[in-house]
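Chain identifiers are assigned alphabetically (A, B, ...) following the order of the sequence lines, protein sequences preceding nucleic acid strands; residue numbering begins at 1 within each chain.
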Amino acid sequence: MVSLMPRPRGTVFLELTPKAPHPSKPFSFTTTSSTKAVTIRIITPTRLCSKLVLLCFRYQREKSCMPTLVKIGLDSDIYVGNALIQFYGCLGTLIDARVLFEKMPHRDVGSWNTLLGIYNYSSDSWEVLILFKRLMYEEIKADKITLVILFSACARLEKLHYGKTLHCYATKVGLECMLNLENALLGMYTKCKDIDEALRLFDKMGSRKDIVSHNILLNGYIEMELVDFAREIFDKIVEKDLVVWSSMMHGYVKAKQPKKTLELFKKMVDTGLTPDQNTMVSVLSACASLSNLQYGRLVHRFILQNNIRQDSFVKTAVIDMYSKCGSLEDGLVTFYKMDCKDVVTWTTMIEGLANYGLGNEALCTFYQMERQGITPNEATFVSLLAACSHSGLINEGCQLFRRMAGVYRIQPKIEHFGCLVDLLSRAGLLHQAEEFMEMIPADDKIIAYKTLLSACINYSEFDLGQKIANNMMELGPQSQAVYVLLSNFYALEGHGLKLQKQEET
DNA sequence: AGACTGGGGA
């Protein structure tokens, strides 16, 4: 009836045949994965099917193996349908999920929630809002779970106003005093940076507040770069869990206080908690910004010794740590050993190579990435252009810049413009760089001008430098660094003019 | 029975 065939590389194939066991006859099976054994008792074919699907899902989520559903021959009902929607969603085949949803003869609010949930999970929050409209139109009664998903979607889209409207709706239907709904709401307010509203809600929640509520606020402060406020909340939490520790450690990484991250890490381990992969990413990142290879190696060894799962986040952080700590070799070894590299992993490696002045190797890595069908993003091009700039690959850099907009439809940002100006300036192609300035939006010009003016100083290009200096002055008052640069230029220009006059006489 | 709230990498 049911065959569960473990395949190499952790794949589990499930096959269900049309003839299900007799409904009255209990049916059970046991399966083992590398990490866990699961036993399920199933009574009806429907539940059998639905449980199997969810089992697949759990495997998927724990990433212990990749499930593939081969065939379901049972007549589907609403439960099977809901479970299948969920399953397809987790495999990332949203279209299948949607087709199934539309085909279902009967849908309950759970079906809607499942579909909303997978769109939300796949970061397609717009679709969540569109579907919600339809849900209201079809007069389905939204429940507390629907609203939780919606608040989460609003948070991601930073749709504060819409979220507030939903908040009123929740109050009206008497759903506002449920903890996880309030937490979702709190998350929405913090992610939309309405800290006043978040604090009001936080106070209103009174004793209902749990560790999740505190952590949401803590992360809100970190996001707003108020790491000391975050620390206050952190210190107030008596029984800190892994998530809270990780949040605070990440907060210090973000606030460029990596030493405090490492301090906290020590403290956390002393309290007897075993860190997980999320924690380790922040610790590795702290080592990277400290460029402390010794500590970095220690942390890497810690991960191996404690059997902490190395997912792509951890491995990417390891690569970054080794590259930034001066051991590109170790970074490369980790990189080549990885089998599922995503765009961030590739970008990290490209950046590592670029910083070692290995421009051609960085480009080769990029072409390899393209061949594997990974789509580069903004950050990838920043690393690539930096690689070209550091290695003087002028043609390649210009070509990549064109490809970024032409092939990948990525709007160049100041980082990209900066790299290209840098590239041209270093090569002494100052006039070309100046022409290029016209493409840069006014708000971003000053940074590029700084690069260009520095280059003018290096190449003693006084005329062009004068023009650029005038342009910079026209942009209005600037930071001190700009005036220092300008005065350097004028000092040199004066000096240069004197030299020229001496030559003339 | 299932759908939902807090942390991570360039």
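Between the NZ atom of A:Lys191 and the P atom of B:dT5 there is a distance of 10 Å, given to the nearest Å. In this structure, CE of A:Met249 is placed 12 Å from P of B:dG9, rounded to the nearest angstrom. Rounded to an integer number of Å, the gap from CD1 of A:Ile233 to P of B:dG7 is 14 Å. The distance from atom CD1 of A:Ile237 to atom C1' of B:dG6 is 10 Å, rounded to the nearest whole Å. Distance A:Met104 CE to B:dA3 P: 14 Å, rounded to the nearest Å. Rounded to a whole Å, the CG atom of A:Asp320 is 13 Å from the C1' atom of B:dG8. Rounded to whole angstrom, the span from the CD1 atom of A:Ile319 across to the P atom of B:dG8 amounts to 20 Å. Straight-line distance from the CG atom of A:Leu264 to the C1' atom of B:dG7: 13 Å, rounded to whole Å.
Ring geometry, A:Phe417 versus A:Phe401: the interplanar angle falls from 30° to 60°, so the pair is classed tilted.
Base engagement by A:Asn82 is indicated by at least one non-hydrogen atom pair under 4.0 Å involving a base atom. Looking at heavy-atom distances under 4.0 Å, A:Ile211 makes contact with a base. Across all strands shown, A:Thr146 has no heavy atoms under 4.0 Å from either base or sugar-phosphate atoms. Heavy atoms of A:Gly110 sit under 4.0 angstrom from at least one base atom. Counting non-hydrogen atoms under 4.0 angstrom, A:Lys254 reaches nothing in the nucleic acid. Using a 4.0 Å heavy-atom distance criterion, A:Glu182 is classed as making no nucleic acid contact. No contact: A:Val253 has no heavy atom under 4.0 Å from any strand. Among the atoms of the strands shown, base atoms are found under 4.0 Å from some heavy atom of A:Ser246. Among the heavy atoms of the strands lying under 4.0 Å from A:Leu242 is at least one base atom, whether or not backbone atoms are also near. Counting non-hydrogen atoms under 4.0 angstrom, A:Asp276 reaches a base of the nucleic acid. At a threshold of 4.0 angstrom between heavy atoms, the contacts of A:Ser152 with the nucleic acid are absent.
Comment: A:Arg309 does not engage A:Asp276 in a salt bridge, judged by the lack of any side-chain N to carboxylate O separation of less than 4.0 angstrom. Ionic pairing of A:Lys324 and A:Asp320 is present here: one or more N-O contacts between side-chain nitrogen and carboxylate oxygen are shorter than 4.0 angstrom. A:Lys236 has no carboxylate O lying under 4.0 Å from a charged side-chain N of A:Glu232, or vice versa, which leaves the two without a salt bridge. A salt bridge does not link A:Lys209 to A:Glu182: none of the charged nitrogens lies less than 4.0 Å from a carboxylate oxygen.
For A:Val243, counting side-chain heavy atoms from C-beta on, the closest listed nucleotide (B:dG8, B:dG7, B:dT5) is B:dG7. When distances are taken from the side chain of A:Ile216 to each of B:dG8, B:dA3, B:dG6, the shortest belongs to B:dG6. Side-chain proximity of A:Asp108 to the nucleotides B:dG6, B:dG2, B:dG7 is greatest for B:dG2. Distances from the side chain of A:Val244 to the nucleotides B:dG6, B:dA10, B:dA3 place B:dG6 closest. Closest to the side chain of A:Val344, from the set B:dC4, B:dG6, B:dA10, is B:dA10. With distances taken from any side-chain atom of A:Thr347 to the nucleotides B:dT5, B:dG8, B:dA10, the minimum falls on B:dA10.
At a cut-off of 3.5 angstrom, the base of B:dG7 holds no donor-acceptor pair with the side chain of A:Ser247. The base of B:dC4 sits with one of its N or O atoms less than 3.5 Å from a complementary donor or acceptor on the side chain of A:Asn180. Evaluation of atom-type donor-acceptor distances gives a pair under 3.5 Å for the side chain of A:Thr345 against the base of B:dG9. The base of B:dG6 has none of its N or O atoms less than 3.5 Å from a complementary donor or acceptor on the side chain of A:Asp210. In the interface, the side chain of A:Asp311 is not paired with the base of B:dG9 through any donor and acceptor atom under 3.5 Å apart.
One finds no side-chain N or O of A:His250 lying less than 4.0 angstrom from the OP1 or OP2 phosphate oxygen of B:dG7.
For the atom pair OG of A:Ser247 and NE2 of A:His214, the computed distance is 13.0 Å after rounding to the nearest 0.5 Å.
Both the sub-6.0 Å distance and the 45° axial angle are not jointly satisfied by A:Arg403 relative to the ring of A:Tyr408.
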